[in-house]
Amino acid sequence: MNAASYTPRPGLREGDRAGSGPAPPAALAVAPGVDHFPGFLDRAAQEALRDEVMAILAEAPPFRPRMPRTGKPFSVCMSNCGALGWVSDEAGYRYQPTHPETGRAWPAMPPVLLAAFAAIAPGAPPPEACLINLYDSGARMGLHQDRDEEELAAPVVSLSLGDTALFRVGGLERNAPTRSFRLASGDAMSLGGAGRLAFHGVDRVIAGSSTLLAHGGRINLTLRRVTRAPR
Ligand code: SIN
Ligand code: FE2
């Protein structure tokens, strides 16, 4: 990413801001509607969020999703927080209010995640689901679209913790050209507008690139609005 691709978010200029709200975060525009926010969370905020995620995982233990139809296991493990959680098994991809193994409701979404979403997507209806993806050093995520949501007007916002990921994003067709960039611990990313349905995935995780997680690996938190917001 070079300096020429830096585009301030609308409203970034100090003089444009009304009131005392926090400054909108700075974004790198990767592609139309695909924004990267390097260093969105500082180290202290990453540590606090990591601890919140560990508490969530104690309540809603990681499960290994399986591909629809074939039942092939994913290389990542997952959990969720929020009113709805994304799950996948032989019956298909879906959102549901309960953990697929424990049957319990997902833990509540921590306020810090709601605040992060609001900072990156001001005015969007609040997220209902936070998917927690857990990557060990061999895990990856094939190119896919996030399209199991009824509400496509809200962006998908993700936060990365731990080891750096090589993230790949393309266009609206699977075979469109792609580009890749690194998502480091504390970075945020959003897919909205023209980029809401962009194909994306994680080619690999760079082992040992962060000291945030005691056992290494990467945690990605994906915040999504699922149901259609009242118009
Ligand atoms: C996903 O698209 O579900 C995960 C993206 C990521 O891990 O950064
Ligand atoms: Fe995704």
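All ligand and atom numbering here is 1-based and tracks the order in the structure.
For Arg43, the salt bridge (charged side-chain N to carboxylate O under 4.0 Å, His left out) partners two or more places apart in sequence, or in a different chain, are Glu47.
If you take CG on Leu183 and CE on Met189, they are separated by 6.0 Å, rounding to the nearest 0.5 Å. Interatomic distance, CG of Leu191 versus CG of Asp35, reported as 9.0 Å (0.5 Å rounding).
Closer than 4.0 angstrom to ligand 1 by heavy atom are Asn133, Tyr135, Met141, His144, Phe167, His200, Val202, Arg218, Asn220, sorted by chain and number.
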Under 3.5 Å donor-acceptor pairs involving side-chain atoms of residues 132-139, not counting sequence neighbours:
residue	atom	partner	partner atom	Å
Asp136	OD1	Gly138	N	3.1
Asp136	OD1	Ala139	N	3.3

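Checked against the 6.0 Å centroid criterion, the rings of His144 and Phe199 do not qualify as a close aromatic pair.
Counting just the N/O/S atoms of Asp146, the one with the shortest distance to the Fe ion (ligand 2) is named OD1. Nearest N/O/S atom of His200 with respect to the Fe ion (ligand 2) is recorded as NE2.
Heavy-atom neighbours of Arg182 CZ from other residues, nucleotides or ligands within 6.0 Å: at or below the threshold of 12.
The salt bridge (Lys or Arg N to Asp or Glu O under 4.0 Å) analysis of residues 84-112, with sequence neighbours excluded, yields the pairs Arg66-Glu90, Asp89-Arg94.
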